[in-house]
Q: 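The structure's right below; bear with me while I get my questions together.
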Amino acid sequence: MAKNKLMYVCDQCGYESVQWIGKCPSCNAWNSFKEIRVAPVSSKKNTVSIASSFQGNTSSVKPLLSVKAAQQQRIDTGDSELNRVLGGGIVPGSLVLLGGDPGIGKSTLLLQLVLRLKQMKVLYVSGEESENQIKLRADRLRETNPDLNSENCYVLCETSLEKIYEHAQQMQPELVVVDSVQAISSEEGDAFPGSPSQVRACTVSLLRFAKDSGIPVFLVGHITKDGSLAGPKILEHIVDTVLQFEGDRQHFYRVLRSLKNRFGSTDELGIYEMREGGLTVVSNPSEMLLNRDNAGMSGVSVASAIEGARSLLIETQALVSTAAYGTPQRSATGFDTRRLNMLLAVLEKRVFFKLAQKDVFLNIAGGLRVSDTAIDLSVIAAILSSNADFPVPESTCMAGEVGLSGEIRPVTHIAQRIAEAERQGFKRFVLPKNNMRTLDTKRVKIELIPVSNVKEALKSLFGGE
Ligand code: TYD
Ligand code: MG
């Protein structure tokens, strides 16, 4: 038997080294290197038998131009959000890793998926739950959604990867779900299930299985706060697609993001709501994120943001109060704290608002994490509105990036942002002056207020000098 090779992998970023290092040269994490045993490459014994029953696997060199692009038939998941995040459906032979905190709803999402796919023979493997638990959950889901009644869904409670392959070979499924990578183990890896070595060996093996057989595989992976136990980072470059399921447990909705996708764009976003009867697709997120009762209150303003390819109206809330103890606090939920500090510095320096002795708390309502810089303007408006205890005019929506010299910089997709505000019944839209050049104003019914710097923006919102 060939000897296993020892390797060290950073469980934060996946950096590999032949010797143990205290500090990762790639991501600077301390004490993040874990020993893993890499099995010799030739150990194809597990998948080779099942693969050969599907298709031959011979390679040859040919000119790229002569390669016939096979129209890749994607599998429709019957879930508009999941389709969108996957880039148009499931690609045959792909390995999709679904990551997320424990209890966020990964198993629920996948169980709903397989129960909806009636025409497909599905093998749902769980190493975490018993048949009984899965059945109970399926019944619960079916109570509110009678459509989830596929007779082609088979469950298997098993933790040995080799046994899973055996069953797969017997039943020849068209889709395999494995829940979760931390619970299964392979003879190829050493140590116990969930260790970096096992997690990696299982994932590599499943990738080979998916590629050789053409069967798409969904793999669940738990992520811990520091990513250490689960080591999902070391899996990211093995799999084809990494989906992350996130959300706040206090809130009902969940966001499905694609972090990596070999078959589609990575800035797509799927939004779900976790209800008693499982996850339901949210087709109009703005309606859910906006709290109309807050209209007329100080410290609240509405921004038109773009996440992925869709526009959402989000509510930014700020609370500014005199610092009770020495150092003022700055805290942001759903928004980058460094960017908040930058915006506060701009307000201090360019419009001479004295905020240095104030506590500033910022919150994106609903718990959504927003990376779109076009909400800067709305953040500033909310802060000053709270500071002056004066509400932002009703029915006003805004978008604009704030630059270091206090200029309001143009934003992308302005027409789409305005259209969303119109759809939600807003009457005024504050936008960067530079965006006016490219905008077809004849088609806009909402009142447009172009501004070129923070001062102008504040004047148009709050009046005065
Ligand atoms: P689960 O899918 O088990 O999470 P994961 O696999 O990511 O660990 O989701 C569990 C949570 O979802 C649990 O807290 C209960 C909640 N839930 C509902 O609110 N409604 C439902 O219909 C189901 C099935 C679960
Ligand atoms: Mg689960």
Side-chain angles (χ1 to χ4, degrees), residues 77-79 81-82 85-86 96-117 122-150 153-159 161 164 175-185 193-194 198-199 202-203 206 217-232 235-236 239 241-259 270-282 288 366-367 369:
T77 63
D79 172 339
E81 301 297 290
L82 186 57
V85 176
L86 286 170
V96 180
L97 175 69
L98 175 64
D101 295 336
I104 203 79
K106 301 181 292 296
S107 308
T108 309
L109 181 71
L110 292 178
L111 192 61
Q112 279 184 232
L113 165 71
V114 299
L115 287 174
R116 209 185 300 113
L117 290 172
V122 181
L123 178 60
Y124 183 97
V125 184
S126 181
E128 300 194 338
E129 289 161 312
S130 66
E131 284 162 15
N132 201 25
Q133 277 172 301
I134 300 173
K135 170 76 178 152
L136 281 176
R137 175 176 305 181
D139 287 345
R140 192 173 154 189
L141 293 173
R142 206 172 304 117
E143 260 170 41
T144 45
N145 197 345
D147 201 34
L148 301 176
N149 59 356
S150 167
C153 172
Y154 295 82
V155 288
L156 169 66
C157 296
E158 179 59 73
T159 54
L161 194 55
I164 294 171
L175 175 77
V176 175
V177 170
V178 178
D179 185 4
S180 65
V181 67
Q182 275 91 21
I184 55 168
S185 61
Q198 272 294 353
V199 164
C202 291
T203 311
L206 279 169
V217 178
F218 274 87
L219 183 62
V220 171
H222 296 294
I223 290 177
T224 50
K225 269 278 163 323
D226 57 353
S228 60
L229 171 77
L235 305 184
E236 262 172 28
V239 301
T241 303
V242 181
L243 303 184
Q244 177 134 315
F245 208 32
E246 47 187 48
D248 219 318
R249 292 237 203 132
Q250 280 88 39
H251 293 99
F252 294 118
Y253 72 84
R254 305 279 184 266
V255 176
L256 187 66
R257 267 176 215 278
S258 106
L259 301 185
I271 302 182
Y272 295 89
E273 198 175 349
M274 179 62 100
R275 298 231 190 105
E276 264 306 298
L279 293 156
T280 41
V281 164
V282 176
M288 193 180 63
R369 190 163 49 81

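Atoms within a ligand are numbered from 1 in the order they appear, just like the ligands themselves. Scope of the values below: all heavy atoms of this structure, side chains included, with no hydrogens, waters or symmetry mates.
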Q: Start with the C-alpha distance between F218 and D179, add both sets of side-chain angles, then the distance that settles side-chain contact (heavy atoms from CB on, under 4.5 Å), and finish with yes or no.
A: CA-CA 8 Å; F218 274 87; D179 185 4; over 6 Å; no
Q: With a cut-off of 4.0 Å, which atoms of ligand 1 are near a heavy atom of G278?
A: 20 (N), 21 (C), 22 (O)
Q: Pick one of side chain, backbone, both or neither for how K106 approaches ligand 1, counting any non-hydrogen atom pair under 4.0 Å.
A: both
Q: If you measure from CD on Q133 to CD on E128, what distance do you get to the nearest 0.5 Å?
A: 9.5 Å
Q: In ligand 1, which numbered atoms sit nearer than 4.0 Å to a non-hydrogen atom of M274?
A: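 Listed by number with element, the hits are 12 (O), 16 (C), 17 (N), 18 (C), 19 (O), 20 (N).
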Q: Can you tell me if, anywhere in S107, an N/O/S atom lies at a distance from the Mg ion (ligand 2) that is smaller than 2.8 Å?
A: yes
Q: Using a strict 4.0 Å cut-off to heavy atoms of G277, name the atoms of ligand 1 that fall inside it.
A: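 In order of number, 22 (O).
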Q: When you measure from the side chain of Q112 to the backbone of L279, do you find a donor-acceptor pair of N or O atoms at a distance under 3.5 Å?
A: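 Judged by distance alone, yes, a pair lies under 3.5 Å.
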Q: Under 4.0 Å from any heavy atom of R275, which atoms of ligand 1 are there?
A: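 Going through ligand 1 atom by atom, the ones under 4.0 Å from R275 are 18 (C), 19 (O), 20 (N), 21 (C), 22 (O).
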Q: Return the option from S180, G99, G103 holding the heavy atom at the smallest distance from atom 11 (C) of ligand 1.
A: G103
Q: Can a non-hydrogen atom of E128 be found less than 4.0 Å from any atom of ligand 1?
A: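 Outside the 4.0 Å threshold, so no.
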Q: For ligand 1, which atoms sit closer than 4.0 Å to a heavy atom of P102?
A: 8 (O)
Q: Can you list the ligand 1 atoms lying under 4.0 Å from a non-hydrogen atom of G105?
A: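 Taking each heavy atom of G105 in turn, ligand 1 has 1 (P), 2 (O), 4 (O), 5 (P), 7 (O), 9 (O) under 4.0 Å.
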Q: Would you kindly specify which portion of E276 sits under 4.0 Å from ligand 1, judged on non-hydrogen atoms: side chain, backbone, both or neither?
A: backbone
Q: Step by step, would you call L235 with V199 a side-chain contact (heavy atoms from CB on, under 4.5 Å)?
A: CA-CA 8 Å; L235 305 184; V199 164; 3.5 Å; yes
Q: Could you say whether the N/O atoms of H222 and ligand 1 ever approach to under 3.5 Å?
A: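 In this structure, H222 places no N or O atom under 3.5 Å from an N or O of ligand 1.
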Q: Quick one: pull up CZ in R142 and NZ in K135 and give me the separation to the nearest 0.5 Å.
A: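 That separation rounds to 5.0 Å.
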Q: Would the number of heavy atoms belonging to other residues, nucleotides or ligands and lying under 6.0 Å from CZ of R369 be above 12?
A: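 Incorrect, the count does not exceed 12.
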Q: Less than 4.5 Å apart, side chain to side chain, heavy atoms only: is that true for R254 and L256?
A: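 They are not in side-chain contact.
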Q: Can you check whether I134 reaches S126 side chain to side chain, under 4.5 Å on heavy atoms?
A: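 Side-chain contact under 4.5 Å: yes.
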